[in-house]
Amino acid sequence: QKKREVDQEEVKEDPKLRIGPAELRLRTDLQEVECPPNVVMNFPDPNNLMKFEVTFDLKDYDCLWRGGKYKISFDIPLEFPYHPPRCVCEPAIYHPNIDTQGKVCLQMLGLEWRPMMSINSIIYALYLLFDDPNPEDPKN
């Protein structure tokens with residue numbers, strides 16, 4: 001689907017077309033994302049950048065979850081970057097840092113979150129979570 005370019009006058013007239021500060025920051029972050037070779041980003045609704053998926057294909061990755069394909073759904077809050085994204089793994093897996101509903105527990109998505117952290121840094125932290133789970137901060 002091709003996105004239609006929006007005229008600035010349209011944005012002024014139609015409040016639905018205005019972009020909030022969270023989406024502005026997110027757009028900047030997304031321009032800087034460099035996924036590892038076996039990681040793919042997907043936007044199910046191209047008109048909603050605030051919800052997207054990152055799929056980790058671990059078929060050749062040497063870890064306990066080798067051979068699996070795991071989708072992490074990102075839900076970006078309107079308070080982003082002052083509040084971290086919510087990340088959920090599908091399917092829910094047995095992992096010390098992912099609960100039975102698939103909610104991901106990373107310190108950087110909780111108490112250690114800082115507004116200067118980026119979507120790229122979260123993707124790499126999730127990637128490393130499969131390689132090196134953190135039993136000191138268990139969710140499951």
Side-chain angles (χ1 to χ4, degrees):
Q1 252 183 359
K2 194 172 180 179
K3 274 183 106 172
R4 183 174 72 81
E5 290 297 318
V6 178
D7 186 336
Q8 288 302 318
E9 290 303 314
E10 278 185 271
V11 171
K12 289 178 189 172
E13 293 171 16
D14 188 351
K16 291 182 279 187
L17 295 176
R18 290 192 192 125
I19 297 171
E23 188 172 337
L24 284 173
R25 165 60 192 274
L26 179 61
R27 286 177 182 221
T28 301
D29 275 15
L30 293 175
Q31 289 176 353
E32 298 171 358
V33 168
E34 293 182 21
C35 290
N38 58 337
V39 177
V40 176
M41 292 184 76
N42 179 40
F43 293 86
D45 179 358
N47 296 316
N48 183 4
L49 296 181
M50 305 296 275
K51 294 182 188 288
F52 59 92
E53 303 162 347
V54 177
T55 302
F56 296 82
D57 186 350
L58 304 179
K59 66 180 175 197
D60 297 325
Y61 195 59
D62 190 20
C63 69
L64 293 172
W65 296 272
R66 182 183 185 142
K69 211 174 202 179
Y70 305 100
K71 177 175 64 176
I72 307 285
S73 298
F74 281 66
D75 187 3
I76 310 298
L78 293 175
E79 302 83 16
F80 182 76
Y82 301 104
H83 292 256
R86 288 174 292 285
C87 297
V88 178
C89 180
E90 298 171 31
I93 60 174
Y94 184 75
H95 188 291
N97 307 110
I98 300 173
D99 73 12
T100 55
Q101 285 79 43
K103 295 177 189 159
V104 176
C105 177
L106 269 175
Q107 290 178 355
M108 74 180 300
L109 293 175
L111 295 174
E112 292 183 12
W113 176 258
R114 300 293 178 263
M116 69 279 228
M117 292 180 177
S118 68
I119 298 300
N120 199 49
S121 63
I122 296 169
I123 291 171
Y124 275 91
L126 290 167
Y127 189 72
L128 291 174
L129 200 60
F130 286 109
D131 187 39
D132 189 20
N134 184 359
E136 300 300 317
D137 186 25
K139 181 83 170 171
N140 189 4

Straight-line distance of [X] [atom1] to [Y] [atom2], nearest 0.5 Å:
X	Y	atom1	atom2	result
Lys103	Arg86	NZ	CZ	10.5 Å
Ile76	Arg25	CD1	CZ	10.0 Å
Ile119	Phe80	CD1	CZ	4.0 Å
Asn42	Phe52	CG	CZ	11.0 Å
Arg27	Leu49	CZ	CG	5.5 Å
Leu26	Gln31	CG	CD	10.0 Å

message = Grouping I, L, V, M, F, W and Y whenever their side-chain heavy atoms are under 4.5 Å apart, do Val33 and Val40 come out in a common cluster?
response =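 No, separate clusters.
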Hydrophobic cluster membership, Leu58 vs Met41, 4.5 Å side-chain cutoff = yes
For a quick test of reading the model, state the closest non-hydrogen atom pair linking [X] to [Y] and the distance between them.
X	Y	answer
Leu109	Pro85	CD2-O, 3.9 Å
Tyr70	Pro91	CD2-CD, 4.2 Å
Pro77	Met50	O-CE, 3.7 Å

Taking the side chain as every heavy atom from C-beta outward, state whether [X] and [Y] have any pair of such atoms under 4.5 Å apart.
X	Y	value
Gln101	Val88	no
Leu30	Phe43	yes
Lys51	Ser73	no

ask   = Can you list the residues that meet the salt bridge (Lys or Arg N to Asp or Glu O under 4.0 Å) rule with Lys71, with sequence neighbours excluded?
value = Glu53, Glu90
query = Residues in salt bridge (Lys or Arg N to Asp or Glu O under 4.0 Å) with Glu79, at least two apart?
reply = none
Donor-acceptor contacts, no H, no angles, side chain residues 121-129, under 3.5 Å, sequence neighbours left out:
| residue | atom | partner | partner atom | Å |
| --- | --- | --- | --- | --- |
| Ser121 | OG | Ser118 | N | 3.1 |
| Ser121 | OG | Ser118 | O | 2.7 |
| Tyr124 | OH | Glu34 | O | 2.8 |
| Tyr127 | OH | Asn38 | OD1 | 3.3 |

inquiry  = Asp45: which residues meet the side chain to side chain donor-acceptor pair (under 3.5 Å) condition with it, sequence neighbours left out?
reply    = none
